[in-house]
Amino acid sequence: MTTTNPPARVRFAPSPTGFLHIGGARTALYDYLLAKQTGGAFILRIEDTDQKRYQDTAEQDIKDALAWMGIQPDEGPDRGGPYAPYRQSQRSQIYRDIAEELIEKDQAYYCFCTTERLSEVRDQQQKNNQTPHYDGTCRRLDKKEAVNRAASGEPHVIRFKSPRGGTTTAVDALRGEITVENSSLDDIILIKSTGLAVYHLAAMVDDHLMGITHVFRGSEWLPTFPIHVLVYRALGWDEPIWVHLSVLLKPDGKGKMSKRDTELAREQGYPIFMKDMEDLGYIPEAVINWIALMGWSYDDKTEYFTLSDLVDKFSIDKLNPSPAAINFSKLDHFNGLHIRELAVEDFAKRIKPWFEKAGLLPRDEILVPVAAALQKRTKKLTEVVDMGGFFFHDEVGLALDRIVSSKLSAGQAAEAAERILEIFRGLDEITQDKAETALRELASQMGLKAGQIFGLLRESLTGQKVSPPIFDIIPILGRELVLERLEKAHKILSKA
RNA sequence: GCCCCCAUCGUCUAGGGGACCAGGACAUGACCCUUUCAAGGUCAAGACCGGAGUUCGAAUCUCCGUGGGGGCACCA
């Protein structure tokens with residue numbers, strides 16, 4: 001760690017409305033990286049102020065996804081922490097109090113307008129080609145009277161009193177100053193009629209109270225950014241460093257991922273949700289590497305990063321403000337890259353469940369050698385069964401049409417099988433050293449190419465057209481099994 | 001309609017006035033290696049959205065256009 005920056009307190013604050021997706025995971029990752037790099041804290045806060053969109057499985061899904069990535073929060077609903085609770089639904093009173101404080105300071109006001117009236121106003125404005133906004137009716141109410149009406153139980157919301165004239169300038173770490181006309185700012189709702197706060201208040205309050213130093217969030221917050229800054233200033237608080245991340249676009253770069261795109265990707269074997277990553281054969285090391293590079297880069301060459309590399313090298317000023325299209329083939333590439341970096345034993349451990357899921361019994365004695373044979377040629381864990389299932393099958397299915405071709409008749413194949421058998425039987429140990437020369441000789445004697453002999457052998461032992469190298473396979477299978485499978489192949493070929 | 005953001009190969013990006021007839025990666029094609037498939041290696045093709053300025057000099061700065069994206073809820 002080369003940084004001299006003070007410890008950062010960075011929060012990941014998802015709304016539990018669905019599964020954690022790539023975009024959210026990226027934000028969480030950046031949060032984590034900055035926190036760890038500075039020796040600070042990575043905080044999980046659940047923003048569940050919207051009871052309508054709330055899904056009770058979402059919070060767990062988010063935690064599971066973070067755990068899978070290996071980025072556990074230092075503070076959060078499960079672990080607690082000095083600023084608990086970390087679930088906004090448990091902090092309603094705090095928001096309410098601060099909203100009241102804003103009213104006292106004349107920075108907010110009660111609003112008694114009904115939703116019906118509001119939507120009428122909006123429709124009218126839209127019809128007149130005006131930007132929809134609150135018309136300010138209740139802003140003009142006498143304050144004492146409004147306080148009384150609210151106290152007497154009349155349904156109301158609390159709105160922020162946006163400045164009328166002038167401009168507001170907010171500073172984003174990636175984009176610099178963003179200045180807007182205050183006249184374009186709406187009097188947004190802070191507290192709903194249910195008494196619950198909305199994001200615009202709750203997030204600001206929590207970020208301040210929890211001592212958050214850096215806010216990473218999606219660029220969809222840019223339009224309301226000035227208002228958030230205004231809320232901070234109205235309360236007299238110091239602002240955090242704001243970082244608005246670029247959006248992730250769908251692979252063709254045309255628009256952000258929609259539900260339809262998500263389904264489409266999934267059909268093609270590509271994940272949008274973190275929960276699908278594992279099932280589709282991706283390993284967290286690769287996913288993290290891939291995600292980190294969408295919107296961030298280190299230099300003009302380095303692309304391979306482990307989590308701890310990233311903790312070391314991450315920096316805000318290398319973040320890219322422009323939108324990035326998701327590139328799934330690059331995920332595949334990184335997955336292969338990280339798989340190859342795994343220790344064989346580790347890789348073995350990770351592929352075992354895949355064989356089990358396929359109904360096979362991966363024998364532990366040969367699991368590591370099998371893993372070694374497979375590791376170099378697998379990109380996704382899903383491929384492992386197709387490629388190496390034959391190691392654990394009782395029998396191997398032989399496809400005659402794959403062995404017998406225009407260049408190799410059934411008779412030749414049968415003969416070749418028999419002669420390979422002879423060669424192997426004469427060997428107490430079938431190694432590349434001892435067998436390869438003999439097999440090549442056999443090929444030339446029969447007027448065949450070496451590839452044809454090896455192909456036949458491969459089919460006989462694996463039942464597959466492609467497999468790891470023959471001489472990698474043989475010692476793993478063992479002499480006995482090799483002879484057995486060859487004999488069977490020979491029998492079938494003789495009958496054909 | 002209004003507001004905001006963004007703009008380098010198909011995609012992710014390096015680049016922050018001369019080091020750039022623009023570098024890397026994925027994908028693509030060819031070749032090498034080779035018992036298959038990979039992996040690995042070599043090579044190829046491929047981009048500064050347009051126009052004005054500023055400057056001796058612009059991918060880099062400014063403005064205008066265009067394109068793309070996002071937002072305009074008692075959702076986050």
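Keep in mind the model is a prediction, meaning the values are calculated, not measured.
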Under 4.0 Å between a side-chain N or O of [X] and OP1 or OP2 of [N]?
X        : N     : value
A:Lys52  : B:C75 : yes
A:Ser297 : B:A14 : yes
A:Lys254 : B:G10 : no
A:Arg377 : B:G40 : no

Lys/Arg cation over aromatic A:Phe112: A:Arg149, 6.0 Å, 45° cone: yes

Lys/Arg cation over aromatic A:Tyr134: A:Arg159, 6.0 Å, 45° cone: yes

For [N] versus [M], give the span between their [atom1] atoms, rounded off to a whole number of Å.
N     : M     : atom1 : value
B:G70 : B:C75 : C1'   : 15 Å
B:C49 : B:A59 : C1'   : 12 Å
B:A25 : B:A45 : P     : 15 Å
B:G10 : B:C48 : C1'   : 16 Å

Between [options], which nucleotide has the shortest distance from any of its atoms to the side chain of [X]?
X        : options            : value
A:Ile178 : B:A14, B:A39, B:C5 : B:C5
A:Thr131 : B:G23, B:C2, B:A76 : B:C2
A:Pro223 : B:A76, B:C6, B:G71 : B:G71
A:Glu220 : B:A76, B:A7, B:U11 : B:A76
A:Leu337 : B:G40, B:C5, B:U13 : B:G40
A:Pro321 : B:C6, B:C74, B:A76 : B:C6

Residue-level proximity of [range] to RNA chain B when a heavy atom falls under 4.0 Å:
range                       : value
residues 181-192 of chain A : A:Ile189, A:Lys192
residues 417-424 of chain A : none
residues 455-473 of chain A : A:Arg458, A:Lys465, A:Val466, A:Ser467, A:Pro468, A:Pro469, A:Ile470, A:Phe471

Non-neighbouring partners of A:Gln93 that pass side chain to side chain donor-acceptor pair (under 3.5 Å), sequence neighbours left out: A:Asp97

For [X], answer base if it contacts any base atom (sugar-phosphate contacts may also be present), sugar-phosphate if it contacts only those atoms, and nothing otherwise; contact means non-hydrogen atoms under 4.0 Å.
X        : value
A:Lys449 : nothing
A:Asn320 : sugar-phosphate
A:Ser119 : nothing
A:Ala450 : nothing
A:Gly295 : sugar-phosphate
A:Lys127 : nothing
A:Gly255 : sugar-phosphate

Scan every strand shown for a Watson-Crick or G-U wobble partner of [N], both distances under 3.5 Å, and answer none if you come up empty.
N     : result
B:C2  : B:G71
B:U36 : none
B:A19 : none
B:U62 : B:A52
B:U28 : B:A44

Cationic N near anionic O, under 4.0 Å, A:Arg479 to A:Glu429: no

A:Ser193 (side chain) and B:C74 (base): donor-acceptor pair under 3.5 Å: yes

Distance-only donor-acceptor test (3.5 Å): side chain A:Arg53, base B:C75: yes

Qualifying ring-ring contact (aromatic ring centres under 6.0 Å, His included) pairs, either residue in residues 430-452 of chain A, two or more places apart: none

Nucleic acid footprint by protein, nucleotides 25-32 of chain B - heavy-atom cut-off 4.0 Å, B for base, S for sugar-phosphate alone: BBS-----

